[in-house]
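Please read all numbers here as calculations on a predicted model, not as lab measurements.
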Amino acid sequence: MRVTIVSQPIDVAALSRGLRNPACGAFASFEGWVRDHNEGRAVASLEYEVYRPIAIAEGERILLEACAQTGATAAALTHREGALALGDCAVWVGAVAPHRDEAFAACRLIIDEAKRRLPIWKREHYVEGDAAWVNCERCARLPSRAKVS
């Protein structure tokens, strides 16, 4: 289980290789990218601020919970901090499991809980020239659907 906060582009290939396990038949991942709009406004770029000690500790708890609840064998979470351009990967989640359902479910649970629980703040810079700190209220209200019965 590994949580990392990086200020450089996320190396998705290296992170994926780091989860390889010959006992697992499934690997699933999620990438969140910087998009060019939000809530009807054109976005030029954004930046993230992270309170690292809590983000890493809580992120590790999320990974452990996700594996325990879904049956995934291992998982990882990487989030960017600092300035990001349109199209940059802002967050990456990966999980391995014996079967695909567990890997998909773990990724879903991890990203949902990370958005809800981690002290990571996003500031959008708009094409009109101003900037604002934003919160994805819709993301915070979504119940996690990753529970495996």
Side-chain angles (χ1 to χ4, degrees), residues 1-12 14-16 18-19 21 24 26-126 130-149:
M1 310 296 167
R2 183 178 68 247
V3 175
T4 53
I5 308 298
V6 297
S7 56
Q8 299 300 316
I10 295 173
D11 187 345
V12 172
L15 292 167
S16 299
L19 284 174
N21 180 339
C24 293
F27 165 75
S29 67
F30 169 82
E31 295 177 34
W33 302 330
V34 178
R35 63 182 180 270
D36 67 357
H37 67 282
N38 186 36
E39 298 179 357
R41 297 188 73 186
V43 173
S45 64
L46 57 81
E47 63 185 279
Y48 283 99
E49 283 194 18
V50 180
Y51 186 67
R52 282 175 176 255
I54 293 176
I56 291 171
E58 188 66 14
E60 289 173 356
R61 279 191 282 279
I62 290 168
L63 296 180
L64 290 170
E65 291 168 9
C67 288
Q69 290 178 31
T70 65
T73 304
L77 165 66
T78 297
H79 204 293
R80 285 281 304 271
E81 68 179 348
L84 283 78
L86 296 179
D88 282 354
C89 183
V91 60
W92 179 88
V93 174
V96 293
H99 305 284
R100 69 179 176 269
D101 285 343
E102 294 94 343
F104 282 129
C107 281
R108 179 62 182 248
L109 193 148
I110 292 163
I111 193 61
D112 286 351
E113 291 301 305
K115 295 292 272 181
R116 190 173 70 77
R117 293 164 49 183
L118 298 187
I120 299 174
W121 302 275
K122 179 169 67 170
R123 185 174 189 198
E124 292 179 337
H125 296 267
Y126 302 108
D130 62 335
W133 293 102
V134 297
N135 179 28
C136 179
E137 295 296 331
R138 182 187 65 77
C139 296
R141 286 191 312 267
L142 286 176
S144 179
R145 294 179 291 252
K147 309 258 189 224
V148 174
S149 23

Do you know which two heavy atoms are closest between Glu102 and Thr70, and how far apart they sit?
CG-O, 2.9 Å
When every non-hydrogen atom of Arg35 is compared with those of Leu86, the smallest separation belongs to O-CD2, 3.3 Å
Enter the distance from Arg2:CZ to Leu63:CG here, rounded to the nearest 0.5 Å.
9.5 Å
Side chains of Asp11 and Leu15: does their closest heavy-atom pair fall under 4.5 Å?
no
Could you tell me which non-hydrogen atom of Trp121 sits nearest to which non-hydrogen atom of Val50, and how far apart they are?
CZ3-C, 4.3 Å
Looking at every non-hydrogen atom in both residues, tell me the closest pair between Ala90 and Val34 and how far apart they are.
CB-CG2, 4.5 Å
Are the side chains of Val91 and Leu77 in touch, meaning some heavy atoms are under 4.5 Å apart?
yes
How many angstroms lie between atom CG of Leu109 and atom CD of Glu65, to the nearest 0.5 angstrom?
7.5 Å
Check Asp36 with Arg41, please: is the shortest side-chain N to carboxylate O separation under 4.0 Å?
no
Separation between CG (Asp88) and CD1 (Ile10), nearest 0.5 Å, reads 9.0 Å
Tell me, do Glu124 and Tyr126 make a side-chain contact under 4.5 Å, heavy atoms counted?
yes
Do the side chains of Glu47 and His125 get nearer than 4.5 Å, heavy atoms only?
yes
Would you indicate whether Trp33, at its atom CH2, is surrounded by more than 12 heavy atoms from other residues, nucleotides or ligands within a distance under 6.0 Å?
no
Taking C-beta and beyond as the side chain, do Glu58 and Glu113 meet within less than 4.5 Å on heavy atoms?
no
Any salt bridge between Glu81 and Arg52, counting N to O under 4.0 Å?
yes
Greater than 12 external heavy atoms within 6.0 Å of Arg123's CZ
yes
Separation between CD of Glu31 and CD1 of Ile111, rounded to the nearest 0.5 Å:
11.0 Å
Give a yes/no verdict on a cation-pi contact between Arg80 and Tyr48, requiring under 6.0 Å between NZ or CZ and the six-membered ring centre and an angle within 45° of the axis.
no
With side chains defined as the heavy atoms from C-beta onward, is the minimum distance between Val93 and Ile110 less than 4.5 Å?
yes
Ile120 and Glu49: side-chain contact (heavy atoms from CB on, under 4.5 Å), yes or no, with the steps?
CA-CA 6 Å; Ile120 299 174; Glu49 283 194 18; over 6 Å; no
How far apart are the closest heavy atoms of Cys24 and Ala97, and which atoms are they?
CB-O, 3.3 Å
Could you tell me whether the side chain of Thr73 reaches within less than 4.5 Å of the side chain of Pro98, counting heavy atoms only?
yes
Nearest atoms (heavy-atom pairs only) where Phe27 meets Ala103
C-CB, 4.4 Å
Starting at CD1 of Ile62, measure out to NZ of Lys115 and round the result to the nearest 0.5 Å.
12.0 Å
Just wondering, do Tyr51 and Leu118 contact through their side chains at under 4.5 Å, heavy atoms?
no
